[in-house]
> 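Dropping a structure here in structure tokens format, bear with me for questions.
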Amino acid sequence: MNYETAKQLLDKYDQGHLLKFYDELTETERSELLKQIGSIDFSLLENLDAEKRLAANRGKIEPIEAVTIDDIARNSEDYLNTGISAIKAGKVAAVLLAGGQGTRLGFDKPKGMFNIGVTKELYIFECLINNLMKVVELTDTWIPLVIMTSEKNNEDTVNFLKEHNYFGYNSEYVSFFIQDMAPSVDFSGKILMESKSRISSSPNGNGGWFSSLVRSGIFDKLTSQGVEWLNVFAVDNVLQKIADPMFIGAVICTGNDSGGKVVAKADPYERVGAMCLEDEKPSIVEYYELTDEMANQRMADGELAYKFGVILNYLFRTDKLVEINKQKMPVHIVDKKIPCINENGELITPKAPNGCKFETLILDMIHMNDSCIPYEVIRSKEFAPVKNAEGVDSVESARALLEENGVEL
Ligand code: UTP
């Protein structure tokens with residue numbers, strides 16, 4: 001993109017200030033800025049007005065039926081055999097979402113590089129790979145492991161895993177792709193700049209994983225190798241089972257297009273999204289969207305109606321993902337403190353939110369599927385998220401759960 005085209009484009013979207021310091025920049029800085037301008041998805045800015053409409057636009061929310069722990073125990077042989085066969089036939093790949101910034105943990109490296117060990121080194125990435133290795137050993141099959149990073153943490157992540165020899169995983173089965181970035185704006189919709197030559201941007205949310213995977217060429221490679229199912233999971237749950245044959249088998253045997261691992265919520269107000277039906281299609285209702293009445297609603301058997309909290313471990317059918325990718329994903333707007341330069345080019349570090357970021361979320365993909373089965377897992381065995389440095393869902397609580405499950409720290 002040259003200066004003239006960039007200027008025209010920016011004038012069209014009322015963002016001309018991005019070129020304010022252009023004359024002061026070096027040749028390299030100029031071409032980097034023009035390149036960055038060329039990569040902005042300006043259609044995101046339209047969502048600033050649409051935000052309220054989006055929130056109000058929920059359909060009719062109702063409880064959904066799940067495959068419960070008891071159902072799983074009853075059908076375990078069928079589920080396990082079906083899952084193992086799918087893995088052995090090369091139909092399953094695992095996708096690790098590791099593009100987040102992990103701000104709540106306050107660790108300045110990619111979250112997967114955090115050492116959760118106490119008397120020895122045990123990194124979050126290592127925990128996840130150890131969990132996946134159990135399935136590799138059970139099925140005697142290497143499962144492709146695809147890792148999504150962001151522009152901000154890609155180099156650190158790739159180097160770290162290489163240095164640690166992929167914690168014993170076969171490197172031929174490991175690949176990486178980088179998720180797209182989205183610009184940050186102030187409250188009047190003007191794009192912020194982190195310096196005179198760089199636009200302020202951040203990873204575009206975990207919902208961007210599929211379009212970025214397709215763009216990387218890895219999706220086509222996987223499907224041409226015969227992969228039919230993708231198990232997508234978060235970086236921070238150190239206890240989760242990955243490519244869990246029982247889960248895969250349950251989704252296949254029940255004829256669903258997708259599945260989501262869920263846990264019984266700790267209490268009606270726990271801050272997790274719950275699987276539900278929305279206008280008779282699978283969906284996820286956020287904890288802040290539940291009214292008091294809904295949060296406490298009970299089924300005939302006395303159980304909470306919205307009791308199944310999602311843990312960001314999903315199984316998707318690849319052909320269905322291709323269909324979904326033709327639709328536009330809802331864009332969420334989140335208020336944040338965004339360091340940026342002011343009109344004089346001086347860097348400011350805000351103490352209160354001064355703008356917003358755009359994110360798409362993987363949980364919205366559930367509603368884009370025609371069918372999704374909530375698959376209940378035992379909380380104390382499969383859910384140990386490392387979100388915060390202390391307190392709930394913290395390093396401390398995850399360590400306790402790892403120890404409870406026999407993992408040496
Ligand atoms: P979180 O919602 O916990 O966000 O991500 P985060 O960025 O990791 O952490 P905080 O909120 O700043 O503390 C859930 C999962 O989605 C991934 C994360 O890496 C994590 O596995 N994710 C999130 C991405 O891959 N990309 C994103 O843009 C955001």
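In listed order, ligands and their atoms are each counted from 1. The figures that follow rest on heavy atoms only: side chains count, while hydrogens, waters and symmetry mates do not. Given the structure is predicted, the values throughout are model-derived calculations rather than measurements.
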> Of the side chain and backbone of Pro203, name the one, both, or neither that has a heavy atom under 4.0 Å from an atom of ligand 1.
both

> Looking at atom 12 (O) of ligand 1, what's its closest protein heavy atom, distance included?
Thr103 OG1, 2.4 Å

> Look at Asp335 together with Lys357 and state whether they make a salt bridge at an N to O cut-off of under 4.0 Å.
no

> Any idea which protein heavy atom is nearest atom 26 (N) of ligand 1, and the distance to it?
Gln179 OE1, 2.6 Å

> What atoms of ligand 1 come closer than 4.0 angstrom to any heavy atom of Lys387?
1 (P), 3 (O), 14 (C)

> Tell me whether Lys307 is salt-bridged to Glu65, with the criterion being a basic N under 4.0 Å from an acidic carboxylate O.
no

> Could you list which atoms of ligand 1 come closer than 4.0 Å to a heavy atom of Leu312?
14 (C), 15 (C)

> Write out the residue and atom name of the closest protein heavy atom to atom 16 (O) of ligand 1, then the distance separating them to 0.1 Å.
Asn206 ND2, 3.2 Å

> Assess whether a salt bridge exists between Glu396 and Arg399, defined as any Lys/Arg side-chain N lying under 4.0 Å from an Asp/Glu carboxylate O.
no

> N/O of Gly100 under 3.5 Å from N/O of ligand 1, yes or no?
yes

> Return the closest protein heavy atom for atom 8 (O) of ligand 1 as residue, atom name and distance.
Gly102 N, 3.6 Å

> Closest non-hydrogen protein atom to atom 2 (O) of ligand 1, residue and atom name please, with distance?
Arg104 NH2, 4.0 Å

> Answer yes when Lys261 and Glu382 have at least one side-chain N-carboxylate O distance shorter than 4.0 Å, and no when they do not.
yes

> Is Asp14 salt-bridged to Lys190, cutoff N-O under 4.0 Å?
yes

> Using a strict 4.0 Å threshold on nitrogen-to-oxygen distance, state whether Arg104 and Asp393 make a salt bridge.
no

> Go through Glu289 and Tyr287 one step at a time and tell me if the side-chain hydrogen bond (donor to acceptor under 3.5 Å, both in side chains) criterion holds.
CA-CA 5 Å; Glu289 293 174 312; Tyr287 65 92; over 6 Å; no

> For ligand 1, indicate whether the residue Glu359 contacts it via side chain, backbone, both or neither (heavy-atom separation under 4.0 Å).
neither

> Could you find the nearest protein heavy atom to atom 7 (O) of ligand 1 and give me its residue, atom name and distance?
Gln101 N, 2.8 Å

> I would like to know whether Asp279 and Lys60 meet salt bridge (Lys or Arg N to Asp or Glu O under 4.0 Å); could you show each step before the answer?
CA-CA 5 Å; Asp279 291 338; Lys60 184 172 174 219; over 6 Å; no

> Just distances here: any N/O of Leu97 and N/O of ligand 1 closer than 3.5 Å?
yes

> Looking at Asn231, Asp244, Asn237, which hits side-chain hydrogen bond (donor to acceptor under 3.5 Å, both in side chains) with Asn313?
Asn231

> Flag Lys111 as yes when one of its N or O atoms lies below 3.5 Å from any N or O atom of ligand 1, and as no otherwise.
no

> Hey, which atoms in ligand 1 end up nearer than 4.0 Å to a heavy atom of Val235?
19 (O), 21 (O)

> Regarding Glu32 and Arg198, does a basic nitrogen lie under 4.0 Å from an acidic carboxylate oxygen?
no

> Does any N or O of ligand 1 fall below 3.5 Å from an N or O anywhere on Gly99, backbone included?
yes

